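Each remark here refers to the structure printed beneath this line.
Side chains are part of it too, since the values below use all heavy atoms of this structure and drop only hydrogens, waters and symmetry mates. Keep in mind that what you see is a predicted model, and the values were worked out from it rather than measured.
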Amino acid sequence: MELLWQRPRRKTLVDWPEDVDGRLDVLVRAAAAAGEQTSRSQVLAALVTAAEAHPSAIAELLHSYRRMPADALETDKTRDDLPSVRSPGRTRARR
């Protein structure tokens, strides 16, 4: 049986706030804490496939995101309860 995560890949350029990018790293670390070996792309794919494709549900997600204060993800920067994860390949430059 062919699995969705093994299907042909497509690169997608995502432009988003640095704090959101950091949040993705926290989610990868949380997966590692649960014993999962994964990547940023797999976590993103899992979140996209889990999202309800109902207009009102997507609208509510967007409204919630757009109302978040700038410091909403600030506590992610101090998550020392999660293991550190080093992703393979080139390291992304942090500003």
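- From Ser84, atom OG reaches atom CG of Asp25 across 11.5 Å, with rounding to the nearest 0.5 Å.
- The two residues Leu82 and Ala33 make their nearest non-hydrogen contact at CD2-CB, 4.0 Å.
- Side-chain atoms of Glu52 and Ile58, non-hydrogen and from C-beta on, never get closer than 4.5 Å to each other.
- Atom-to-atom distance recorded for Lys11:NZ and Arg9:CZ is 9.0 Å, nearest 0.5 angstrom.
- For the pair Asp19/Asp76, no side-chain contact is recorded, criterion being any heavy-atom separation below 4.5 Å from C-beta on.
- Within the structure, every pair that satisfies the salt bridge (Lys or Arg N to Asp or Glu O under 4.0 Å) test and touches residues 58-74, not counting sequence neighbours, is listed here: Glu60-Arg67, Glu74-Lys77.
- Val85 and Leu44 fall within a single hydrophobic cluster, where Ile, Leu, Val, Met, Phe, Trp and Tyr are joined by side-chain heavy atoms under 4.5 Å apart, directly or via other members.
- Rounding to the nearest 0.5 Å places OG1 of Thr49 at 13.5 Å from CH2 of Trp5.
- Linking Ile, Leu, Val, Met, Phe, Trp and Tyr residues whenever their side-chain heavy atoms come within less than 4.5 Å places Val14 and Val28 in a single cluster.
- Using a 4.5 Å heavy-atom threshold, the side chains of Leu47 and Leu27 count as touching.
- Residues satisfying the side-chain hydrogen bond (donor to acceptor under 3.5 Å, both in side chains) test with Asp81, not counting sequence neighbours, are Arg79.
- The hydrophobic cluster containing Val20 does not contain Leu61, counting ILVMFWY residues as joined when their side-chain heavy atoms lie under 4.5 angstrom apart, directly or transitively.
- By the side-chain hydrogen bond (donor to acceptor under 3.5 Å, both in side chains) test, Gln37 pairs with no residue at all, sequence neighbours left out.
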